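Report on the structure given below.
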Amino acid sequence: MESITKTEERNIISKVIITNSKKANSVLKMNFYKIVFIYMLGGIVGTLWETGLNFFNGYGFVYCNGSIFTPFNFVYGCGAIIIIGCLHNQTEWWKVFTIGAVGGGAVEYILNFLEETLLGTRSWNYEGKLLNINGRTTIPYMAVWGILCVAVIFIVYKPLSKLLEAIPENVLKTISTVMFIILAIDLIITVSAILRYSGRNSNQEAFTALGTFLDKAFNDEFMAKRFPNLKFT
């Protein structure tokens, strides 16, 4: 009887260990639904950060969300997804800082380059700033990205992931899917409005009914107010 009892105890302990291991892996695991929430969290933090900086620098309230309908800054949202996707399994802070600094700078550089290439505009230009790289990012800003990554991975992501794991799966899927559709529509309309804004700056007439609608709904005055940092190249 004693040997059977010990065997049962070992089996129970093994099951507990396996269950806890599965839960830990589930918390660390990335999926589509978590990615949507990570984008929103990174985007709203970025908007609040940029808005706060403008207040601090004496510029008053400035729209910093970089989109027309939602408050989620695209650059910070994408940065959060890439950073957490690459670093969520890391356990050493200096690795998170180093990879985050390089990765954050790369994201900022690439998005700035793509915006200029595809849309003919630049939302930020660091020319004249200390240690800037082609005006698209700077070494000090990359260090800030590294610090943010350390905070995000060790303070924000794991608690957020645990919270999301506690939400019933059907509820999580529904909210994420709805928000993804809203974000996709916002992105499409925002990009289209910027293209027309750039086109009007180049004296290009609208060729379609959609272009005419965008010109009326999102005229130069509206766009200048909502995208104050947008400069034509």
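All figures in this text were calculated on a predicted structure; none of them were measured in a lab.
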Check your understanding: With side chains defined as the heavy atoms from C-beta onward, is the minimum distance between Val96 and Phe154 less than 4.5 Å?
Key -> yes
Review point. Within a radius of less than 6.0 Å around CD of Glu92, do more than 12 heavy atoms belonging to other residues, nucleotides or ligands occur?
Key: yes
Check your understanding: Is it true that the side chains of Ser123 and Asn229 contain a donor and an acceptor less than 3.5 Å apart?
Key -> no
**Study point:** Ile194 side, atom CD1; Ile68 side, atom CD1 - distance, nearest 0.5 Å
**Key:** 7.0 Å
Revision key, fill the gap. So CG of Leu214 and CG of Asn219: to nearest 0.5 Å the spacing works out to 11.5 Å
Donor-acceptor pairs under 3.5 Å, side chain of residues 127-134 to any protein atom, not counting sequence neighbours: which ones?
from   : atom 1 : to     : atom 2 : distance (Å)
Asn132 : OD1    : Gly135 : N      : 2.9
Asn132 : ND2    : Lys129 : O      : 3.1
Asn134 : ND2    : Tyr109 : OH     : 2.6

Review point. Are Tyr126 and Tyr141 close enough, and set up right, to give a ring pair (Phe, Tyr, Trp, His ring centres under 6.0 Å), and what steps lead you there?
Key: CA-CA 10 Å; Tyr126 299 132; Tyr141 279 17; 4.7 Å; yes
**Study point:** All ring pair (Phe, Tyr, Trp, His ring centres under 6.0 Å) counterparts of Phe56, not counting sequence neighbours
**Key:** none
Point to revise | Least distance between heavy atoms, Val107 atom then Ile82 atom | key: CG2-CD1, 3.5 Å
Exercise for review: Report, as yes or no, whether the 6.0 Å neighbourhood of atom CZ on Phe213 holds more than 12 heavy atoms from other residues, nucleotides or ligands.
Suggested key: no
Sequence neighbours excluded and cut-off under 3.5 Å, please list the side-chain donor-acceptor pairs for residues 40-48, or say none.
from  : atom 1 : to    : atom 2 : distance (Å)
Thr47 : OG1    : Gly43 : O      : 3.1
Thr47 : OG1    : Pro71 : O      : 2.7
Thr47 : OG1    : Asn73 : N      : 3.3

Review point. Do Tyr59 and Phe61 have ring centres separated by under 6.0 Å?
Key: no
Point to revise | pair Leu119-Ser198: side-chain heavy atoms closer than 4.5 Å | key: no
Check your understanding: Are the side chain of Asn112 and the backbone of Arg122 linked by a donor-acceptor contact shorter than 3.5 Å?
Key -> no
Review point. Is the backbone of Tyr157 close enough, under 3.5 Å, to the side chain of Ser161 for a donor and an acceptor to pair up by distance?
Key: no
Exercise for review: Establish, yes or no, whether a centroid distance under 6.0 Å links the rings of Tyr197 and Phe218.
Suggested key: no
Check your understanding: Side chain of Asn65, backbone of Phe72: donor and acceptor closer than 3.5 Å?
Key -> no
Review point. Hey, what do you get for CD1 (Ile84) to CD (Gln90), rounding to the nearest 0.5 Å?
Key: 13.5 Å
Review point. Would Thr121 and Lys231 count as having a side-chain donor-acceptor pair, cut-off 3.5 Å?
Key: no
Check your understanding: Trp124 and Leu53: same hydrophobic cluster, using ILVMFWY side-chain contacts below 4.5 Å?
Key -> yes
Review point. Would you call Glu165 and Lys162 a salt bridge, using N to O less than 4.0 angstrom?
Key: no
Exercise for review: For this output row, return yes or no: ring centroids of Tyr76 and Trp145 closer than 6.0 angstrom.
Suggested key: yes
Review point. When clusters are formed by joining ILVMFWY residues with side-chain heavy atoms under 4.5 Å apart, either directly or through shared neighbours, do Ile38 and Ile181 land in the same one?
Key: yes
Check your understanding: Can Lys225 and Glu221 be counted as an ion pair, charged N to O under 4.0 angstrom?
Key -> no
Check your understanding: When hydrophobic residues are tied together by side-chain contacts of less than 4.5 Å, even through go-betweens, does Ile35 share a cluster with Met179?
Key -> yes
Exercise for review: Find out whether Pro159 and Ile155 are in side-chain contact, i.e. whether some heavy atom of one side chain is under 4.5 Å from a heavy atom of the other.
Suggested key: no
**Study point:** same_hphob_cluster(Phe97, Met142) at 4.5 Å side-chain heavy-atom cutoff
**Key:** no
Review point. Measuring from Ser67:OG to Ile185:CD1, what's the distance to the nearest 0.5 Å?
Key: 13.0 Å
Check your understanding: Less than 6.0 Å separating the ring centroids of Phe32 and Phe180?
Key -> yes
Review point. In terms of hydrophobic clustering (I, L, V, M, F, W, Y; side-chain heavy atoms under 4.5 Å; direct or indirect links), are Trp49 and Phe55 co-clustered?
Key: no
Review point. Which distance, rounded to the nearest 0.5 Å, do you find between the CD1 of Ile110 and the CG of Leu114?
Key: 7.0 Å
Check your understanding: With a cut-off of 6.0 Å (strictly less than), are more than 12 heavy atoms of other residues, nucleotides or ligands near CZ of Phe232?
Key -> yes
Revision key, fill the gap. The reported gap from CD1 in Ile81 to NZ in Lys34 (rounded to nearest 0.5 angstrom) is 14.0 Å
Review point. Taking 4.0 angstrom as the limit, do Arg200 and Glu205 come out as a salt bridge?
Key: no
